There are 2 protein chains.
Amino acid sequence: MMTDSKNTLKTYALRHTDCRESILEAFLNKSAALSHGDLESLLQDGFDRVTIYRTLKTFVEKGILHKIPDDEGGVKYALCKEECSSHEHHHDHIHFKCSTCGDTTCLESVHIPAIRLPEGYVREDVNMLVQGICPNCIPK
Amino acid sequence: MMTDSKNTLKTYALRHTDCRESILEAFLNKSAALSHGDLESLLQDGFDRVTIYRTLKTFVEKGILHKIPDDEGGVKYALCKEECSSHEHHHDHIHFKCSTCGDTTCLESVHIPAIRLPEGYVREDVNMLVQGICPNCIPK
DNA sequence: GTAACTGCAAAATATTTGCATCCTT
DNA sequence: AAGGATGCAAATATTTTGCAGTTAC
């Protein structure tokens, strides 16, 4: 996974701009997934809403970020591991949403178990969202 | 699962109105999940958008319908099995979205497998969306 | 210099709220 | 009769598109 925003942009053949750097930094500094709205309030530099939308779309296309569908029908974004590329996203991990703090995180260590589909169905992609309480929010 | 819209409304202590009956009928007649937009174009009776929103919300609260988060961040709705109530939804099945015809369906026969979360995480609810090709869309 | 990126305006879409009226029970 | 449900208007939120000006390379 990338740890440096400038190198990442270079790697993906994307121009280095303030907005892109700030958005990457935001993801690198925060372990939880971020929505468009999260970024809008997080980035104090006042980037245009539209630019943030377009940056997110570009990052998903390039394989830098992946979408995480929220249970309520929103979308959040999180960094991809390095296996992702423009051509294909490879995600095998589950997503966890804490019902207390609201944070959604990638649990890279938990792989999505295999499922056997009924006759005639072909599996292409799987998304698994687990909701519950995260370690930080467990009452002691 | 309910098969009759009038009885269902009575069972859930909801008033019988044209809109509610039409919406229930739509779900009973179509095996795929429906979004608000789907219903709007499906129901030719011209019910108000707002009424449809409110009806869907009511049905989810009562345990008649459950939400299915779409991979792109939308929401669809599908009928619950009878174990659901106002208090709690009990769903253990996966959802399948066909990338060809776009239909999302409940595969009641496929249960969500157990997953072992890392230390400190508590599981409350799980949602699993499988994308691929449904039997109807498999090229012969 | 040039293509890529941004910001602004505006359109298109989606969802929510308030209120007066109507209808089920 | 009374409370619940609907329809309409309008506010709010979300996402997309077009275009002109700016900037990274």
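Just so it is clear: chains get the letters A, B, ... in the order the sequence lines come, proteins before strands, and each one is counted from 1. All values reported here derive from a predicted model rather than from experimental measurement.
Hydrophobic clustering (ILVMFWY, side-chain heavy atoms < 4.5 Å, transitive): A/I133 and A/L107 are in distinct clusters. B/L24 and B/Y53 fall into different hydrophobic clusters, where Ile, Leu, Val, Met, Phe, Trp and Tyr side chains are chained together by heavy-atom contacts under 4.5 Å. Transitive grouping of hydrophobic side chains (ILVMFWY, heavy atoms separated by less than 4.5 Å) keeps A/V126 and A/V60 in distinct clusters. B/L42 and B/V75 fall into different hydrophobic clusters, where Ile, Leu, Val, Met, Phe, Trp and Tyr side chains are chained together by heavy-atom contacts under 4.5 Å.
What separates CG of B/D45 from C1' of D/dA5 is a distance of 16 Å, to the nearest Å. Look at OH on B/Y53: it is 16 Å from C1' on D/dT6, rounded to the nearest Å. Put simply, CG on B/L14 is 14 Å from C1' on D/dG3, counting in whole angstrom units. B/K57 has its NZ atom 14 Å from the P atom of D/dT6, to the nearest Å. Nucleotide D/dC8 holds its P atom 12 Å from the CD1 atom of B/I52, rounded to whole Å. Taking atom CG on B/L56 and atom P on D/dT6, their separation rounds to 11 Å, with Å as the unit. Remark: C1' of D/dT15 and CD of B/E72 are 13 Å apart, rounded to the nearest angstrom. At whole-Å resolution of the value, CZ in A/F47 and P in D/dT22 are 18 Å apart.
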Pair B/Q131-B/D71, side-chain contact (heavy atoms from CB on, under 4.5 Å): steps then yes or no
CA-CA 9 Å; B/Q131 292 178 82; B/D71 60 312; 3.1 Å; yes
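Protein chain B touches strand DNA chain C; the 5'-most and 3'-most nucleotides with an atom under 4.0 angstrom of its non-hydrogen atoms are C/dA14 to C/dT25.
B/R20 contributes no side-chain N or O that, together with a main-chain N or O of B/L9, makes up a donor-acceptor pair within less than 3.5 Å. With hydrogens and angles disregarded, a donor-acceptor distance shorter than 3.5 Å links the side chain of B/H36 to the backbone of B/R49.
Atom CZ of B/R123 sits in a crowded spot, with more than 12 heavy atoms from other residues, nucleotides or ligands closer than 6.0 Å. Within a 6.0 Å sphere centred on CG of B/N7, other residues, nucleotides and ligands contribute more than 12 heavy atoms.
Scanning residues 15-23 of chain A for heavy-atom distances under 4.0 Å to DNA chain D yields A/R15, A/H16. A heavy atom closer than 4.0 Å to some atom of DNA chain C occurs in no member of residues 33-43 of chain B.
Under the 4.5 angstrom side-chain criterion for Ile, Leu, Val, Met, Phe, Trp and Tyr, A/I68 has no cluster partners at all.
Salt bridge annotation for B/K97-B/D103: absent, with no cationic side-chain nitrogen under 4.0 angstrom from a carboxylate oxygen.
Legend: residues meeting ring-ring contact (aromatic ring centres under 6.0 Å, His included) with A/F27, ordered by chain and number and at least two apart, are absent.
In this structure, a donor-acceptor pair under 3.5 Å is present between the side chains of B/H66 and B/H95.
Note: B/F96 and A/Y121 meet the aromatic proximity criterion, with ring centroids under 6.0 Å apart.
Across the interface with DNA chain D, nearest-nucleotide mapping of B/T58 and A/R49 shows B/T58 to be the residue nearer the 5′ end.
In this structure, the helix from C/dG1-D/dC25 to C/dT25-D/dA1 shows an angle of 40° between the axis at its start and the axis at its end, each fitted on 5 base pairs and rounded to 10°.
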